[in-house]
**Student:** 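A single structure is presented below for examination.
When reading the values below, keep in mind they use all heavy atoms of this one structure, side chains included, and skip hydrogens, waters and symmetry mates. Each ligand, and each atom within it, is numbered from 1 in the order the structure gives.
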Amino acid sequence: MSGTVVVVGSANVDLVVDVPRHPGPGETVLGGRLRRSPGGKGANQAVAAARAGGADTWFLGALGRDGAADLLLESLTGAGVHEDLVALSDEATGTALIWITDDGENAIIVAPGANSEVAVDDAAAARLAQADVVLVQLEIPLETVVAAARARRDGARFVLNAAPSRELPPEVWAELDLLVVNEHEARDLAPAAGALGSNDAAAAAGTGERAAVGPEDLATALLEKVPAVVITLGGDGALVAERGADPVTVPAPKVTAVDTTGAGDTFCGVLAAALAGGAGLADAARLASAAAALAVTKPGAQAAVPTAEETADLAKEPA
Ligand code: RIB
């Protein structure tokens, strides 16, 4: 095990139903049997950093005093994540309502509950100051995102997975060392980076005549604001872009998707762990891409995170 990662974020109990198709407004769709499993972008990423990435990993989050908290703590500790920075709240543990269609695609609604109370106290600040990588998402208060970033030591990397999509205040942009987004999130954030022309900005935001604004254009725009960007491209892998270097596309191994829930989280957790262990960004993204590919082949979020050995084996195979 090498490198230390602190993941700051949400923990949710995922309530999951398979559906023949997504419901439209005002519509009721009959689904399959209800499943209940550990999730939340933060907890998923912590499990991935520890299990698939092999890093010494802390999770800073908040849970309710309820049965869902037990489910999450069991999953976190089972993966080897340190849970001494998990606070207990009078709010209920966060809950995600998830429905999944036959092709593995999902739609998710989150009731944040205790996640709204995730905060950086003295013990958390001390741990954050020892991390090699601080990894955060956007299911927690933005003040906490900023506080976590500011608590890192010089030379540590602040990685933001800007999911779910939210407008970022200048204090967050100012702290970013690495932004990890999918294409939708990149389109939401690129206009704020200010480097797209007005037509391209409208197109990127999906509000204008659609010009061809591809991942490379989005990455170029985002690099105006952040030193490095990874745009995940689902089955097409990921685009890795760093200031002053040519962008690189890392492939995703071909797999049959059963459930894509948490695949992006697996990517982020493994990426953070590899960076904490000293890997370069493109190599870390290659490993992350293999882990995410394995994650979509099984149901559930944390339950689908592969082991470090499975990830390393798949990453070695030619794409
Ligand atoms: O990224 C997947 C996760 O998003 C789910 O586990 C759900 O809890 C929501 O946070």
Side-chain angles (χ1 to χ4, degrees), residues 7-19 22 34-52 59-64 66-69 71-76 78-79 81 86 91-101 104-118 135-141 144-145 159-166 180-185 188 230 232 234 238 257-272 288 291-306:
V7 182
V8 185
S10 60
N12 298 325
V13 57
D14 288 352
L15 303 180
V16 186
V17 190
D18 293 320
V19 291
H22 294 295
L34 181 71
R35 300 192 297 277
R36 190 171 170 273
S37 55
K41 294 187 193 304
N44 296 346
Q45 294 183 15
V47 165
R51 189 190 295 153
F59 175 58
L60 167 54
L63 298 169
D66 48 30
L71 182 76
L72 281 149
L73 284 172
E74 195 182 323
S75 180
L76 286 162
V81 176
V86 177
E91 296 283 339
T93 296
T95 302
L97 309 175
I98 303 180
W99 51 99
I100 303 175
T101 49
E105 284 304 330
N106 62 42
I108 304 179
I109 296 174
V110 173
N115 296 314
S116 308
E117 298 193 348
V118 178
L135 172 62
V136 184
Q137 329 70 39
L138 297 177
E139 286 183 336
I140 55 170
T144 307
V145 174
V159 180
L160 178 69
N161 171 220
S165 218
R166 281 167 83 171
V180 184
V181 280
N182 65 24
E183 242 182 300
H184 294 292
E185 292 146 4
D188 288 345
V230 174
T232 57
V258 169
D259 178 2
T260 58
T261 310
D265 298 330
T266 295
F267 185 99
C268 292
V270 174
L271 184 84
L294 287 168
V296 305
T297 64
K298 292 188 184 155
Q302 290 167 36
V305 174

**Student:** Please say whether I98 places an N or O atom under 3.5 Å from an N or O atom belonging to ligand 1.
**Tutor:**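 Min N/O separation from ligand 1 is not below 3.5 Å for I98.
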**Student:** Looking only at non-hydrogen atoms, which of V16, D14, L15, L97 approaches atom 7 (C) of ligand 1 most closely?
**Tutor:**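 Ranked by closest heavy atom to atom 7 (C) of ligand 1, first place is D14.
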**Student:** If you compare all heavy atoms of V230 against all heavy atoms of A238, which two are closest, and at what distance to 0.1 Å?
**Tutor:**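 Minimum heavy-atom separation between V230 and A238: CG1-CB, 4.1 Å.
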**Student:** Please check if the side chain of R35 supplies one atom and the backbone of L15 the other of a donor-acceptor pair under 3.5 Å.
**Tutor:**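 Checked: no pair found.
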**Student:** For ligand 1, which atoms sit closer than 4.0 Å to a heavy atom of N12?
**Tutor:**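 In order of number, 7 (C), 8 (O), 9 (C), 10 (O).
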**Student:** Which ligand 1 atoms, with their elements, are less than 4.0 angstrom from a heavy-atom of G39?
**Tutor:**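 Answer for ligand 1: 6 (O), 8 (O).
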**Student:** For the backbone of A68 and the side chain of T93, can you confirm whether one donor and one acceptor N or O come within less than 3.5 Å of each other?
**Tutor:**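 Not at all, since once roles are kept as given, no pair shorter than 3.5 Å links the two residues.
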**Student:** Hey, is the main chain of G42 close enough, under 3.5 Å, to the side chain of Q45 for a donor-acceptor pair?
**Tutor:**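 Absent.
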**Student:** Starting from atom 9 (C) of ligand 1, locate the nearest protein heavy atom and write down its residue, its atom name and how far away it is, to 0.1 Å.
**Tutor:**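 Here the nearest protein heavy atom works out to E139 OE2, 3.6 Å.
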**Student:** Looking at ligand 1, does G262 have a heavy atom less than 4.0 Å from it?
**Tutor:**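 For ligand 1, residue contact (heavy atoms, under 4.0 Å) with G262 is present.
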**Student:** Report the C-alpha separation of V180 and L271 in whole Å, then their side-chain angles, then the decisive distance to 0.1 Å, and conclude whether the side chain to side chain contact (heavy atoms under 4.5 Å, CB included) test is met.
**Tutor:** CA-CA 10 Å; V180 184; L271 184 84; 3.8 Å; yes
**Student:** With a cut-off of 4.0 Å, which atoms of ligand 1 are near a heavy atom of A96?
**Tutor:**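 This gives 7 (C), 8 (O) as the contact atoms.
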**Student:** Does some side-chain heavy atom of H184 sit less than 4.5 Å from a side-chain heavy atom of S165?
**Tutor:**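 No, every pair of side-chain atoms sits at 4.5 Å or beyond.
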**Student:** For atom 3 (C) of ligand 1, find the nearest protein heavy atom and state the residue, atom name and distance (0.1 Å precision).
**Tutor:**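 Residue, atom and distance for the closest contact: N44 ND2, 3.7 Å.
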**Student:** Is a side-chain donor or acceptor of R51 paired with a backbone partner of Q302 at a separation under 3.5 angstrom?
**Tutor:**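 Answer holds: yes.
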**Student:** Relative to the heavy atoms of D265, which atoms of ligand 1 are at a distance of less than 4.0 Å?
**Tutor:**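 Near D265, meaning under 4.0 Å from one of its heavy atoms, ligand 1 has 1 (O), 2 (C), 3 (C).
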**Student:** For atom 4 (O) of ligand 1, which protein heavy atom lies nearest, and how many Å away is it?
**Tutor:**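 Looking at atom 4 (O) of ligand 1, the protein heavy atom closest to it is K41 NZ, 3.1 Å.
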